[in-house]
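To start, the structure itself, in structure tokens.
Just so it is clear, the model here is predicted, and its values are computed rather than measured.
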Amino acid sequence: TRRCLMASLSATITQDCASGGGRLTLTQATPGPGAGDQLTYVWAVVGADGHYRFANRAFELWCGRPRGQIVGLTLPEVLGEEEYQRSLPWVQRVLAGETVNFEKEYAGRAHNRHLAISYIPLRVDDGAVEGFVGIAQDITEHREEAHRVLMLSERDALTGVLNRAGFERYLQHKAQE
């Protein structure tokens, strides 16, 4: 699904380049309202100036704000200064032209959430980075299941006491401290 989204966005950018004839701006390449809302991925387009150019419905729900209170604002204005500072290293890398993939935990919500996030640079014909697309998928259930399986592999099912594998992992962890 993420590949289809990027292909769709790339097609929009290519089409706009072909028809516009001039330098592509993100506002020309950004999908219109409602585009991408059927996707469960949280995604947004951010310009090189750090202002949001587009946000899908899932992003609105994640932020707790309507699109009109997101588009045009800067990353710190939408994310908050603390979250912006936490994301800044990845933002700097994508604006330097690198595609970055990472995972983040969001505590402080009703239930901790884990997201797998990709920042993909948006380039124009001359190769300059004009901004980026941020795509996030909630992987909380995957993380919780992985933790559950790890606990099953390291603890006795009847007593809950560490088994050999769990004890060795515990010792290794303590040795690293």
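The minimum heavy-atom distance between A136 and L115, with the atom names listed, is CB-CD1, 4.1 Å. In terms of heavy-atom proximity, W43 sits nearest to V133 at CE3-CG1, 4.0 Å. Nearest approach of L95 to G131, heavy atoms of both residues: CD2-CA, 4.1 Å. Listed here is the closest heavy atom pair of I70 and C63: CD1-CB, 4.3 Å. A55 and V71 make their closest contact through N-CG2, 4.3 Å (heavy atoms, listed as atom of the first residue, atom of the second, distance). Between N56 and R67, the shortest heavy-atom contact is C-NH2, 3.5 Å.
Taking 4.0 Å as the cut-off between side-chain N and carboxylate O, E83 and K104 count as a salt-bridged pair. Using a 4.0 Å cut-off between a side-chain N of Lys or Arg and a carboxylate O of Asp or Glu, R164 and E168 qualify as a salt bridge.
Remark: R93 engages E98 in a side-chain hydrogen bond (donor to acceptor under 3.5 Å, both in side chains) (not counting sequence neighbours). Every residue two or more places apart in sequence or in another chain was checked for a salt bridge (charged side-chain N to carboxylate O under 4.0 Å, His left out) with E77, and none qualifies. For the salt bridge (charged side-chain N to carboxylate O under 4.0 Å, His left out) test, no residue two or more places apart in sequence or in another chain qualifies with R65. Applying the side-chain hydrogen bond (donor to acceptor under 3.5 Å, both in side chains) rule to T99 yields no partners; only residues at least two apart in sequence or on another chain are considered.
Residues in residues 63-105 take part in these ring-ring contact (aromatic ring centres under 6.0 Å, His included) pairs, two or more places apart or across chains: W90-F102, F102-Y119. The stretch residues 153-177 participates, sequence neighbours left out, in no ring-ring contact (aromatic ring centres under 6.0 Å, His included) pair at all.
Under the 3.5 Å distance criterion, the side-chain polar atoms of R53 are left unmatched by any main-chain donor or acceptor of A44.
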Set out, in order, the CA-CA distance, both residues' side-chain angles and the distance that settles side chain to side chain contact (heavy atoms under 4.5 Å, CB included) for F132 and V91, then state yes or no. CA-CA 9 Å; F132 66 94; V91 171; 4.3 Å; yes
Hey, mind stepping through R113 and D138 against side chain to side chain contact (heavy atoms under 4.5 Å, CB included) and telling me if it holds? CA-CA 7 Å; R113 307 308 298 171; D138 189 337; 2.6 Å; yes
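To the nearest 0.5 angstrom, T140 atom OG1 is 8.5 Å from E105 atom CD.
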